[in-house]
Amino acid sequence: MLSVCSFMVLAALVYISNGEEDYLPPYIKTCDFNDKNLENCVRKQMMESLGPFTRGIPEFDVPSLDPINLGEINIDGNGLKLSFTDASMHGISNSELTNLKVVLGKVDEVFSLSFKANLSLTAKYNADGRILILPIQGNGDAVVSAEGCEVTIDSKLTHYKNEKGEHLKLVTPNYKYTIERTVFHLDNLFNGNKQLSDATHQFANENWKQLMDELAPPAIKTIVKTAVKAINKFFAHVTIQQIIVGYNRP
Ligand SMILES: *[C@@H]1O[C@H](CO)[C@@H](O)[C@H](O)[C@H]1NC(C)=O
């Protein structure tokens, strides 16, 4: 029993020291700075690591991005009061990398990525008022499925040094997004009156753009903020040279 315990303590110590020194998640492969196709290498690595990365890196205290907690979203205007509470966004871990631009080793370094996913927001909703012309009233569980949601994050890269070495950091990220289609499922509209509920669903789904003009911006903003924070947390645990072997900036 004692020896098992000692072994576990020892294993934990070895593990921690590896974690502190040069641990990299197994799916993160390095690229060579002097490779003529450095950008291709980074793209390939990003494609392969996007999924696992979004599920979190406990060793680095990087949280899972699936789901992302959105808290509360309130829409109040144009005769509609619609609030979502306990909202979370699911589906980021099934993202597809659709574009990547990386400029490294220059004075102005750039990191820009686009990813596309079918996202679904789950929440408790409370609705009162009208969508354009149709009344809406109810509260209960909501699922909002945003299909083909593509988010582009454009960011500058800066460097900073600590005792481990030199690290990258995304700063002043800009973002934009497009959504192909949105489907709303609101349980218990009009106290469960099916006829009224069906009519409002049909109308909401046909006019999803107007609703998403209000709902998407706060949701996407939180997604981008959370993603950038996670990426920077990852960068804080690995030096540039650890991921881009031979990196130097003239
Ligand atoms: C989203 O769902 C559609 C239809 O179910 C599917 O064809 C498409 O490949 C999915 N897109 C992504 C990025 O997963």
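Atoms within each ligand, like the ligands themselves, are counted from 1 in listed order.
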Please report the closest heavy-atom contact between Glu39 and Lys101, naming both atoms and the distance.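 Smallest heavy-atom distance, with atoms named: OE2-CA, 3.4 Å.
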Can you name the nearest heavy-atom pair linking Val62 to Phe234, along with the distance? CG2-N, 3.9 Å
Does any donor atom in the side chain of Glu59 or His237 lie under 3.5 Å from an acceptor atom in the other side chain? no
Are any side-chain N or O atoms of Asn188 and backbone N or O atoms of Gly140, one a donor and one an acceptor, separated by less than 3.5 Å? no
Would a 4.5 Å heavy-atom cut-off, applied to side chains only, mark Leu100 and Met47 as touching? no
Carefully, step by step, assess Leu157 and Lys169 under the rule side chain to side chain contact (heavy atoms under 4.5 Å, CB included). CA-CA 5 Å; Leu157 283 169; Lys169 185 177 185 183; over 6 Å; no
Within the 4.0 Å heavy-atom sphere of ligand 1, strictly under, residues: Glu96, Lys116, Ala117, Asn118
